[in-house]
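One structure is given below, encoded as structure tokens.
All chains are named by letter (A, B, ...) in the order of the sequence lines, taking the proteins before the strands, and each is independently numbered beginning at 1.
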Amino acid sequence: MLKDFFGAEVEKAIEKAVNKNQLGQMTECPKGVLSVEKPKNLEFGDFAVNVSALARFAKLSPTQIAQEIAANLDIKDCEINVIGGFINFKTGFRLLKDLIEEILEEKETFAKPKKINKEKILLEYVSANPTGPFHIGHGRWAAMGSTLANLLKFWGHDVTQEFYINDAGSQIDKLGQSLKIRIQQELGEKIDFPTDEAERKNYYTGEYLIPIAKKYIQERRNRKAETDFLNVKILADYAKNEMENLQKTLLKDFGVSFDIFYSEQDLHDSGKVEACVKKLKEMGKLYEKDGAIWFKSSDYGDEQDRVIKKADGSNTYLTADIAYHLDKLERGYDRLINIWGADHHGYVARVRASIEALGYDPNKLEVLLGQLVNLVINGEEVRMGKRKNMVTLDELIEEVGIDATRFWMIMRNIDTTLDFDIELAKTASDENPVFYVQYAHARACSILRNAVAEKIDTQTGQKIPAPISEKELAELSENYDKNILAPIFEEKETFDSARKLILKLEEYKSLIKFSAENRQVYTICRYVQELAVDFHSFYTVSRVITEDKAMMKARLALVTATKTVLKNALDLLGVSAPEKM
RNA sequence: GUGCUCGUAGCUCAACGGAUAGAGUGUCGGUCUCCGAAGCCGAAGGUUGGGGGUUCAAUUCCCCCCGAGCAUACCA
């Protein structure tokens, strides 16, 4: 990418200058001190390197250093100017046209690196209890996780997406008890959940169990008399399966595809949990206290030791989680990435501790902690967690659609609490960034359609031939003239917006790299908005379909390239790129 | 109390330690005989919560306050 190109050129120039003793006391170019950035003010140039950091090595003023380095730069087709400690580069025709060629040729693989340090990654996210519908917070992890998976795959990693089903423990019993009450209610019995608040906590009182109760009764209508009709264990399994299916369907509709659904119960049943405890014990990482068995996690950076087996002999949730992560490692993954809600942050240290205690590299585990989602309805924040106010993910999607839901869930940094404004996300207007971006794509498609469309003169009724033939349009991206963009560079009035657009397209490469390496998917949302801005500006000043055929081809090539990048980016986000809206 | 994540324009958010702190939205003002006006152009809007420190340079790093969310289980 151009950033790297200029960085390398500057380093070469520094070496030359050092050899000529032009950089004071500097004897070599220090690594990692300089970086290429985008100037704050675009009038300075397209890229800039700030050499001020070299001042303390050279013992010269930044201005002097910049001038010496610039004097040693030899880049064709590029304007260089020095302001203070900044060396600014303004790219010329050749560099920019190469870039458009690259996009036109590579299409959906544009910005995909040729070679990376490929890792086998297990990405775990959502991992909800099968005891109720997803709430909107799950939607954030689902959208972010699937986007991250798309991105890491595109970057070249081998990614497995996994959903850990928390289907073990007392909650499943609670689920069975709750379904039992719902069934009895459906059968006309006068029974209800306890009114006492403490006791009520032992039930799932949400109405979502009612349809499941109805379905159960319908399915077993001929076997009502059987003694196990209201067997809580059977009911629990039934409800669990139903909830899991609902969740899976929703995930699929939401554009999220897991490779593996991993059951916690299976982990117990297969003996892996016990085996893991045994292993920890043999390795001397456990001890007994107050009738319980503890894991010495404080030896590995956790703030205190944790219970692995309770005094009553049962396992804690953590025990299964340790076994689960051990299992992941034994399955041979180089890297485990988990997306967890911030409310689980206390867990990071202990799971990491367990990985280290078991003899694995704890750095293989990467936990992305996501801040929670607040719902804003009519300008008022609705705190989640209060059952009455709970809005489920399927309700949200129903309200605002999949595209908008995904985009809004992804567009903020994972570190910030997300305010999801339903009214705003719903509006199909300029207030909504999703539509703004999609509109840009639809507009690009529309131009391309019009370019090859025959028209009929409304006055005379005569056919007006298409501005350009299908064949010629196809040639723009297949077998095109290498100087196709030249006319754009010759027309002064529209050149600025075109070069801005081209540079923004170029930035896609840096963006993908940054986003993949830092697991920051929200940057894609920002980028796509910026690209749309530059495209709309370009469109406004540059008439694409014109009499001047060479200019038309040049601009159509640029429109095609923009459309390609927009589509690629939206695909990563799992947001549709409509050809018409 | 302690730990984690934060605090930036009216609102929602950006900004590898670097140039005049930027976008969107909202407000105000322009702009359609012509490829989609769901667009474009412009204006106003800031003591980056407060105070110290490190640095040639701090929204960014460190310390102390103030404020918010989350976590501080032999629950899952």
task: Could you state the atom-to-atom distance from CD of A:Glu507 to C1' of B:rC16 in whole Å?
output: 13 Å
- request: Could you check whether A:Ser446 gets within reach of a base, just the sugar-phosphate, or nothing at all, counting any heavy atom under 4.0 Å?
  value: base
- prompt: So is A:Lys174 actually on top of A:Tyr204's ring, under 6.0 Å and inside 45° of the axis?
  reply: yes
field: Charged tip of A:Arg443 within 45° of A:Phe535 ring normal and under 6.0 Å
entry: no
query: Quick one: do the A:His325 and A:Asn338 side chains pair a donor with an acceptor below 3.5 Å?
result: yes
- prompt: What integer distance in Å separates A:Trp141:CH2 from B:rC70:C1'?
  reply: 11 Å
- prompt: Say you pick atom C1' in B:rC70 and the same atom in B:rC74; how far apart are they, in whole Å?
  reply: 23 Å
- prompt: When all nucleic acid strands are considered with a 4.0 Å heavy-atom cut-off, which category describes A:Ala440: base, sugar-phosphate, or nothing?
  reply: nothing
query: Roughly how far apart, to the nearest Å, are B:rC4 and B:rG18 at atom C1'?
result: 30 Å
query: Within the structure, does a side-chain N or O atom of A:Asn413 lie under 4.0 Å from either OP1 or OP2 of B:rC13?
result: no
task: Using the test side chain to side chain contact (heavy atoms under 4.5 Å, CB included), find all partners of A:Ser510 that sit at least two apart in sequence or belong to another chain.
output: A:Met1, A:Lys3
task: Using both pair distances under 3.5 Å as the test, note the stems of at least 3 consecutive Watson-Crick or G-U pairs that include RNA chain B.
output: B:1-7 with B:66-72, B:10-13 with B:22-25, B:27-31 with B:39-43, B:49-53 with B:61-65
message: Taking the ring of A:Phe44 and the ring of A:Phe86, is the distance between their centroids below 6.0 Å?
response: no
message: In whole Å, I'd like the distance from the OH atom of A:Tyr439 to the C1' atom of B:rA38.
response: 6 Å
message: Just to verify, what does A:Lys281 make a side chain to side chain contact (heavy atoms under 4.5 Å, CB included) with, not counting sequence neighbours?
response: A:Leu286
field: Pairs where residues 519-530 of chain A contributes a residue and the test side chain to side chain donor-acceptor pair (under 3.5 Å) is met, not counting sequence neighbours
entry: A:Glu366-A:Arg519, A:Lys504-A:Glu530, A:Ser515-A:Thr523
Could you write out each protein N or O paired with an N or O of nucleotides 27-32 of chain B at a distance under 3.5 Å?
none

- request: Using a heavy-atom cut-off of under 4.0 Å over every strand shown, decide if A:Ser52 touches base, sugar-phosphate, or nothing.
  value: base
- request: Kindly point out which of B:rC70, B:rA19, B:rC16 is positioned nearest to the side chain of A:Glu37?
  value: B:rC16
field: Pairwise P distance, B:rG49 and B:rC6 [rounded to whole Å]
entry: 14 Å
field: Rounded interatomic separation in angstrom, taking CZ from A:Arg412 and C1' from B:rC13
entry: 4 Å
- prompt: To the side chain of A:Ile545, which of B:rU12, B:rG36, B:rC35 is closest?
  reply: B:rC35
With A:Asp403 via salt bridge (charged side-chain N to carboxylate O under 4.0 Å, His left out) - residues at least two apart: none
task: For A:Ser542, report the nucleic acid contact type (base, sugar-phosphate, nothing); a contact means any heavy atom under 4.0 Å.
output: base
- request: Look at the side-chain N and O atoms of A:Arg56 and state whether any lies under 4.0 Å from the OP1 or OP2 oxygen of B:rU55.
  value: no
A:Asp548 side chain to A:Thr546 side chain, donor-acceptor N/O pair below 3.5 angstrom: no
query: Does a donor on one side chain sit under 3.5 Å from an acceptor on the other, for A:Thr540 and A:Ser537?
result: no
Sugar-phosphate only, base, or nothing, as touched by A:Ala451 at under 4.0 Å among non-hydrogen atoms: nothing
field: Within-4.5 Å side-chain heavy-atom neighbours: A:Ile524 and A:Ile410
entry: no
Validation: residues 52-68 of chain A side-chain donor-acceptor distances under 3.5 Å, sequence neighbours left out:
| from | atom 1 | to | atom 2 | distance (Å) |
| --- | --- | --- | --- | --- |
| A:Ser52 | OG | A:Asn50 | OD1 | 2.7 |
| A:Lys59 | NZ | A:Arg56 | O | 3.4 |
| A:Ser61 | OG | A:Gln64 | N | 3.2 |

- request: Determine the interatomic distance between C1' on B:rC61 and the same-named atom on B:rU54; round to the nearest Å.
  value: 8 Å
task: Would you mind reading off the distance between A:Lys553 atom NZ and B:rC35 atom C1', rounded to a whole angstrom?
output: 18 Å
Polar-atom pairs under 3.5 Å, protein N or O versus N or O of nucleotides 72-76 of chain B: list them with distances, or write none.
| from | atom 1 | to | atom 2 | distance (Å) |
| --- | --- | --- | --- | --- |
| B:rC74 | O2 | A:Ala311 | N | 2.6 |
| B:rC74 | N4 | A:Asp290 | O | 3.0 |
| B:rC75 | OP2 | A:Lys310 | NZ | 2.7 |
| B:rA76 | OP1 | A:Lys310 | NZ | 3.0 |
| B:rA76 | OP2 | A:Tyr317 | N | 3.2 |
| B:rA76 | O3' | A:Ala168 | O | 2.7 |
| B:rA76 | O3' | A:Gln171 | NE2 | 2.8 |
| B:rA76 | O2' | A:Gln171 | OE1 | 2.7 |
| B:rA76 | O2' | A:Gln171 | NE2 | 2.3 |
| B:rA76 | N6 | A:Tyr347 | OH | 2.9 |

task: Just compare B:rC35, B:rG39, B:rA71 and give me whichever is closest to any side-chain atom of A:Val544.
output: B:rC35
query: When the P atoms of B:rA23 and B:rA43 are considered, how many whole Å apart are they?
result: 11 Å
query: Any donor-acceptor pair under 3.5 Å between the side chain of A:Ser35 and the base of B:rC16?
result: yes
message: My understanding is that only residues two or more places apart in sequence, or in another chain, count here; which of them pass side chain to side chain donor-acceptor pair (under 3.5 Å) with A:Lys285?
response: A:Tyr300
message: Using atom C1' in both nucleotides, what's the gap between B:rG46 and B:rG52 to the nearest angstrom?
response: 22 Å
query: Does A:Phe44 stack onto the base of B:rA19, taking stacking as ring centres under 5.5 Å apart and planes under 30° apart?
result: yes
- request: Could you pull out all residues at least two apart from A:Asp299 that satisfy side chain to side chain donor-acceptor pair (under 3.5 Å)?
  value: none
- prompt: For A:Glu517 and B:rC16, what is the distance between atoms CD and P respectively, to the nearest whole Å?
  reply: 15 Å
P gap between B:rG22 and B:rG42, integer Å: 15 Å
message: Without decimals, in angstroms, what is the distance between A:Phe435 CZ and B:rG36 C1'?
response: 16 Å
- prompt: Is a donor on one side and an acceptor on the other found under 3.5 Å between the side chain of A:His138 and the backbone of A:His135?
  reply: yes
query: How would you label the contact of A:Pro62 with the nucleic acid (heavy atoms, under 4.0 Å): base, sugar-phosphate, or nothing?
result: nothing
task: Using a cut-off of strictly less than 4.0 Å between a heavy atom of the residue and any atom of RNA chain B, enumerate the qualifying residues of residues 521-536 of chain A by number.
output: A:Tyr522, A:Arg526, A:His536
message: Classify A:Asp305 by what it touches in the nucleic acid, base, sugar-phosphate, or nothing, heavy-atom distance under 4.0 Å.
response: nothing
message: My understanding is that only residues two or more places apart in sequence, or in another chain, count here; which of them pass side chain to side chain donor-acceptor pair (under 3.5 Å) with A:Asp167?
response: A:Ser263
query: Taking the side chain of A:Arg543 as heavy atoms from C-beta outward, which of B:rC70, B:rU5, B:rC35 is closest to it?
result: B:rC35
query: Can you tell which of A:Val367, A:Leu369, A:Leu318 makes a side chain to side chain contact (heavy atoms under 4.5 Å, CB included) with A:Tyr347?
result: A:Leu318
message: Under 4.0 Å, heavy atoms only, any strand: does A:Met411 hit a base, just the sugar-phosphate, or nothing?
response: nothing
